[in-house]
Amino acid sequence: MMKAVVYQGHENMGIVLDVGSGVSLLKKGDRVVMPFNVADGRCRNCEKGRTAFCTGVNPGFAGGLHGYVAMGPYKGGQTQQIRVPYADFNCLLLPKGSANEADFILLSDIFPTGWHGVVLSGFKPGETIAVFGAGPVGLMGAYSATLRDASKVYVVDSVPERLAAAKKINCIPINFLEGDAIEAIIKHNGGMVDRSVDAVGYQASASDGKKEVPSIVLENCIKVTRPTGGIGVPGLYAPSDPGAPDSNSGKGMLLISFGKLFEKGLTIGTGQCNVKMYNRYLRDMIISGKAKPSFVISYEIGIDEASNAYVKFDKREDGYTKVLIHPKGPVEG
Ligand SMILES: NC(=O)c1ccc[n+]([C@@H]2O[C@H](COP(=O)([O-])OP(=O)(O)OC[C@H]3O[C@@H](n4cnc5c(N)ncnc54)[C@H](O)[C@@H]3O)[C@@H](O)[C@H]2O)c1
Ligand SMILES: [Zn+2]
């Protein structure tokens, strides 16, 4: 039996080496960045900008991804070359040269995803917001909220380096191991926040940081958000999880205070990020110098160092938050 080879890597950018006969907008030598979503640009969901739910690229399913099990036959980019389907639609053109490389790569996923989390929450400028999780997605969500003129941004996590990164971008760090995070936010804010973002997902830790409690962050969002406020959920929830701590969560069924959510009239938005909805505008904010998301990158390495980096990243060791891999070795200078 043939063994399927899945190359990982859904955050990809590079230089166009060649184009197929159906491509008319791109040419050899163009510098491009690709959304992690693969989309055809012509189905009903794509027509509405919901490219994360394209029904044309992964039969029987709404959504396709590079380098992801069950998300279509599209190989990932942790390799020297990658084939991009529907390339005119899926490639975003970047300025020539190598300027802003570490910023532009983040347009493939986490910068738009963080931004999307804030959009899903229904956020408006001037509002207060609490972001749970200070991983790459949470930090980009917090950064997006500051770019969009939030009056206060709280960031909840337990990893000191990640909380320090949140503080550097003028957010208020809350370490959930040092006391009740919800109480701390409400006390500091003088009441509940307008919006909250779950940038953790189902692999969330209990408040002692030990066991996994898949519903804890959703529950915290319901508690900390003011009546008629909103919750954005870019954090991942899956319809099945073989490693879940109980049989209901194993089937993707979580126990949350839905009655409280209803009583408070909260809105909740979920799902994968439609990267194409935002990446052009975020690119232009990078070009104009208004946004510099690369503060989140802790290391830049060659592809040969990747396996060691994965081990450290997995253990959240040595401040490993986001690692930029250069398949041909770090760019000189
Ligand atoms: N919607 C999308 O399109 C999309 C795209 C990319 C990633 N994601 C998902 O977003 C989530 C975050 O991604 P990431 O790369 O930042 O992950 P990450 O694992 O690096 O970060 C998660 C952070 O949450 C913290 N955390 C754990 N339990 C917590 C709790 N109870 N309260 C507060 N913080 C807690 C962890 O310490 C960690 O720093 C994941 O679920 C990922 O799959 C979604
Ligand atoms: Zn489509």
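For ligands, and for the atoms within them, numbers begin at 1 and follow the listed sequence. Residue numbers start at 1 and run along the sequence shown.
Using a 4.0 Å cut-off between a side-chain N of Lys or Arg and a carboxylate O of Asp or Glu, Glu263 and Lys260 qualify as a salt bridge. Ion pairing between Lys322 and Glu11 holds under the 4.0 Å rule for side-chain N and carboxylate O. A salt bridge is defined here as a Lys NZ or Arg NE, NH1 or NH2 lying under 4.0 Å from an Asp or Glu carboxylate O, and Asp103 with Arg283 fails to meet this definition.
Proximity of Phe36 to ligand 1 is established by a heavy-atom distance of less than 4.0 Å. At least one heavy atom of Gly271 sits less than 4.0 Å from an atom of ligand 1.
Summarising the geometry, atom CD belonging to Gln8 is positioned 12.0 Å from atom OG1 belonging to Thr79; distances are rounded to the nearest 0.5 Å.
Neither the backbone nor the side chain of Ile110 has a heavy atom within less than 4.0 Å of ligand 1. Contacts of Val137 with ligand 1, taken as heavy-atom pairs under 4.0 Å, involve both backbone and side chain. Under 4.0 Å from ligand 1, not a single heavy atom of Ala181 appears.
Looking only at protein heavy atoms, the nearest one to atom 4 (C) of ligand 1 is Thr113 CG2, 3.5 Å. Counting only heavy atoms of the protein, atom 3 (O) of ligand 1 lies nearest to Cys273 N, 2.7 Å. Considering only non-hydrogen protein atoms, atom 10 (O) of ligand 1 sits nearest to Gly235 CA, 3.7 Å. The protein heavy atom nearest to atom 27 (C) of ligand 1 is Val200 CG1, 3.6 Å. Looking only at heavy atoms of the protein, atom 19 (O) of ligand 1 is closest to Arg316 NH2, 2.9 Å. For atom 33 (C) of ligand 1, the nearest protein heavy atom (residue, atom name, distance) is Val156 O, 3.4 Å. With hydrogens left out, the protein atom closest to atom 6 (C) of ligand 1 is Asp109 OD1, 3.3 Å, a heavy atom. With hydrogens left out, the protein atom closest to atom 2 (C) of ligand 1 is Gln272 OE1, 3.2 Å, a heavy atom.
Tested against Asp40, the residues Thr55, Thr51, Val57, Asn45 include a single side-chain contact (heavy atoms from CB on, under 4.5 Å) partner, Val57.
The cationic atom of Lys315 (NZ for Lys, CZ for Arg) does not lie both less than 6.0 Å from the six-membered ring centre of Tyr320 and within 45° of the ring axis.
Those atoms of ligand 1 that come under 4.0 Å of a heavy atom in Ala204, given as number and element, are 28 (N). For ligand 1, the atoms sitting less than 4.0 Å from at least one non-hydrogen atom of Pro136 are 14 (P), 15 (O), 16 (O), 20 (O), numbered in the order shown with element in parentheses. Of all the atoms in ligand 1, the ones that sit under 4.0 Å from a non-hydrogen atom of Ala199 are 11 (C), 12 (C). Remark: ligand 1 atoms within the under-4.0 Å shell around heavy atoms of Ile216 are 31 (N). Listed by atom number, the atoms of ligand 1 under 4.0 Å from Val159 heavy atoms are 37 (O). Atom numbering of ligand 1 starts at 1 in the shown order; those under 4.0 Å from a heavy atom of Arg162 are 18 (P), 20 (O), 21 (O), 38 (C), 39 (O). Counting the atoms of ligand 1 from 1 in the order shown, those under 4.0 Å from a heavy atom of Gly135 are 16 (O), 20 (O), 21 (O), 23 (C), 39 (O).
Polar contact check, Phe176 against ligand 1: no nitrogen or oxygen pair lies under 3.5 Å apart. Geometrically, ligand 1 and Leu236 share a nitrogen or oxygen pair separated by less than 3.5 Å. The N/O atoms of Gly138, backbone and side chain alike, include none that comes under 3.5 Å of an N/O atom in ligand 1. Below 3.5 Å of separation, one finds an N or O of Ser205 facing an N or O of ligand 1. On a distance-only criterion, Gln203 and ligand 1 share no N/O pair closer than 3.5 Å. Ligand 1 has a nitrogen or oxygen under 3.5 angstrom from a nitrogen or oxygen of Asp157. At least one N or O atom of Pro234 sits closer than 3.5 Å to an N or O atom of ligand 1.
In the hydrophobic clustering, Ile129 connects to Val118, Phe123, Val131, Val153, Val155, Val197, either directly or through intervening members, whenever side-chain heavy atoms lie under 4.5 Å apart. Other members of the cluster containing Val19 are Val16, Val23, Leu26, Val32, Met34, Ile82, Val84, Leu93, with ILVMFWY side chains joined at under 4.5 Å, either directly or via other members.
Checking side-chain atoms of Lys290 against main-chain N and O of Asp284 turns up no donor-acceptor pair under 3.5 Å. Counting only distance, with no hydrogens or angles, the side chain of Lys152 and the backbone of Ile172 share no donor-acceptor pair below 3.5 Å. With Asn37 contributing its side chain and Phe53 its backbone, the two residues share no donor-acceptor pair below 3.5 Å. Proximity of a side-chain donor or acceptor of Asn248 to a complementary backbone N or O of Met253 within less than 3.5 Å is not detected. Put simply, the side chain of Asn90 gets close to the backbone of Ala39: a donor and an acceptor are under 3.5 Å apart.
Taking the Zn ion (ligand 2) as the corner point, the angle from Cys54 atom SG to Asp40 atom OD1 is about 90° (rounded to 10 degrees).
Around CG of Leu177, the count of heavy atoms belonging to other residues, nucleotides or ligands within 6.0 Å exceeds 12. Annotation: Gln81, atom CD; neighbour count of heavy atoms from other residues, nucleotides and ligands within 6.0 Å does not exceed 12.
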Item checked: Tyr299 vs Lys312, side chain to side chain contact (heavy atoms under 4.5 Å, CB included): CA-CA, chis, key distance, verdict -> CA-CA 11 Å; Tyr299 293 93; Lys312 298 217 169 208; over 6 Å; no

